[in-house]
Amino acid sequence: METLTSFLRNLFPFKGYKPFVLETGKEILLGLKSRRKCGICPSCGKRCRNVEFEYERTIRDLDMAGCHCFLRFSQKKIRCKCGFRGLEKLDFVSKSRRVTARMATYVVSLCDKMNLKDTSIITCLDWKTVKNIDKEYLRTLLPDISSLTISRIAIDEIAIMKGHRYLTIIRDYDSGIAIKVLFGRNYEETAYALAKLGKEKLNAILFAVMDMWDPYIKAITEQCPNVQIIFDKFHIAKKVNEALDKVRRNEFANANPDERINMKRKRFIILRRENNLNSIQQEQLNCLMANNEKLYKSYLLKEQILTIFEDKTSTFEQIQQRFNTWFENVLSNGIEEFYGVVNTMRHYLYGILNYFKHNMTNAIAEGFNTKINIIKRRAYGFADIEYFILKIYQSSLPRLA
């Protein structure tokens, strides 16, 4: 039959220490008696016999049978030959120095699934202690850029607070890992973040997919001499839909009362792709288009441009011609709401056409932004921007099955 001593040793297998019971009740207090007179130097890893003082410490461990468990032990202050002077290294003590390493691991696992307040309630630890434990762990997750082979990147921004405050996220397109997360989206911040990757990494980057944001374009082209810019097709679709919706609003404002009744609650039908409409929605769309020529032409222009991005059979030269034809259709029909889209697309046509060469989209970034917003809502916002950025890095890492 297993004795109490051997049972405690199995529960608390801390090398160099013998566990024994001090107090039991609503809380469990265990003592740890050191079996060695020397301490392990955290700098050089060698044993040090020069002990200046011993501090008695009490730290929190994992709960036992629904009771909070605490460990009381002495930790040596040493002066090592390597020059280190301070507390000895103890593997079972967390770097936060208030809990055991395994308790810290438990706290981190909870923080990955819930907010600090809920984790604090479950563990009965102060929320600041919980955050410090999680931050200490998250810092160890920062990606080792030198170990990554990066040839394709995706860059996007996400709004983090009111007043046009953004975070820029640069990810490895192939692995999905966030390699840089920076506050702001200006040229200076983006160029500085990219420069930290080093010239060798920057020269190896061949493709960058992004939205049509000039500061990003300037920073990428200057820092990555071999890069080809690819603009996200979904960003083009968004601008086209915005132009079509502007036509709808203008036509609604100029319509008579009977026409307005027919146009009400049709926004979703107008903006959705025709092949995604059911039979009832298709009939409503046909009725609406039959009574409004400008809206009908605008709808066709929307369908035409989006069909180009779905074209998998035409040659590159044919794709170019289809874009030119679409530009001419917009101008010949005199639909002014689409003029801005035409000007934008002509200005950035080089990156739009690169999509057809390399078939890359920024969907990886858009999906990641959704994940970030979930993290932000779960925490009801982050006052600590550094902590928020660390959580972003964590969410980009592959999870173990």
Which atom of [X] lies closest to which atom of [Y], heavy atoms considered:
X	Y	result
Gly334	Tyr339	CA-OH, 3.3 Å
Gln281	Arg272	OE1-NH1, 4.0 Å
Thr168	Gly184	OG1-O, 2.6 Å
Lys76	Ser34	NZ-OG, 3.2 Å
Trp326	Ile308	CB-CD1, 4.5 Å
Lys180	Ala193	CE-O, 3.6 Å

Within a strict 4.5 Å, meaning less than it, do heavy atoms of the [X] and [Y] side chains meet?
X	Y	result
Ile229	Thr221	yes
Ile392	Ile375	no
Lys77	Glu54	no
Val108	Ile133	yes
Thr105	Tyr137	no
Lys239	Met345	no
Cys80	Asn50	no
Tyr393	Ile179	no

Nearest-0.5 Å distance, [atom1] of residue [X] to [atom2] of residue [Y]:
X	Y	atom1	atom2	answer
Arg346	Asn324	CZ	CG	7.5 Å
Phe183	Glu386	CZ	CD	13.5 Å
Phe356	Ile230	CZ	CD1	12.0 Å
Leu90	Phe73	CG	CZ	6.0 Å
Phe70	Met103	CZ	CE	9.0 Å
Thr190	Ile220	OG1	CD1	8.0 Å

Assess whether a salt bridge exists between [X] and [Y], defined as any Lys/Arg side-chain N lying under 4.0 Å from an Asp/Glu carboxylate O.
X	Y	result
Arg248	Asp245	yes
Lys113	Asp118	no
Glu52	Arg79	yes
Lys297	Glu293	yes
Asp174	Arg171	no

For the NZ atom on Lys131, are there more than 12 heavy atoms of other groups (residues, nucleotides or ligands in this structure) within a distance under 6.0 Å? yes
Residues, nucleotides or ligands: over 12 heavy atoms within 6.0 Å of Glu283 CD: no
Is there a side-chain contact (heavy atoms from CB on, under 4.5 Å) between Asp156 and Asp232? Walk through the geometry before answering. CA-CA 10 Å; Asp156 198 14; Asp232 186 18; over 6 Å; no
So, [X] versus [Y]: side-chain donor-acceptor pair below 3.5 Å or not?
X	Y	value
Tyr387	Lys135	no
Tyr348	Asp214	yes
Ser175	Asp172	yes
Arg98	Thr129	yes
Thr313	Asp311	yes
Asp61	Thr100	yes

Is there a donor-acceptor contact under 3.5 Å from the side chain of [X] to the main chain of [Y]?
X	Y	result
Asn132	Lys128	yes
Ser120	Leu116	no
Asn292	Leu295	yes
Trp213	Glu157	no

Step through it carefully: locate the ring centre of [X], locate the ring centre of [Y], and say whether they are under 6.0 Å apart.
X	Y	value
Phe92	Phe12	no
Phe234	Phe309	no
Tyr187	Tyr216	no

Regarding Lys357 and the six-membered ring of Phe316, is the cationic atom NZ or CZ under 6.0 Å from the ring centre and inside 45° of its axis? yes
Starting from the C-alpha separation in whole Å, work towards a yes-or-no answer on side-chain contact (heavy atoms from CB on, under 4.5 Å) for Asn250 and Glu337. CA-CA 10 Å; Asn250 291 340; Glu337 291 85 350; 2.9 Å; yes
Given side-chain contact (heavy atoms from CB on, under 4.5 Å), test Tyr17 with Lys33 step by step and report yes or no. CA-CA 5 Å; Tyr17 283 87; Lys33 183 178 181 180; 6.0 Å; no
Glu310: salt bridge (Lys or Arg N to Asp or Glu O under 4.0 Å) partners, not counting sequence neighbours: Arg273
Sequence neighbours excluded, which residues qualify as salt bridge (Lys or Arg N to Asp or Glu O under 4.0 Å) partners of Lys201? none
Would Leu167 and Leu182 satisfy side-chain contact (heavy atoms from CB on, under 4.5 Å), going step by step from the backbone distance to the final call? CA-CA 6 Å; Leu167 285 179; Leu182 56 138; over 6 Å; no
I need the full list of side-chain hydrogen bond (donor to acceptor under 3.5 Å, both in side chains) pairs touching residues 20-31, with sequence neighbours left out, sorted by first then second residue. none
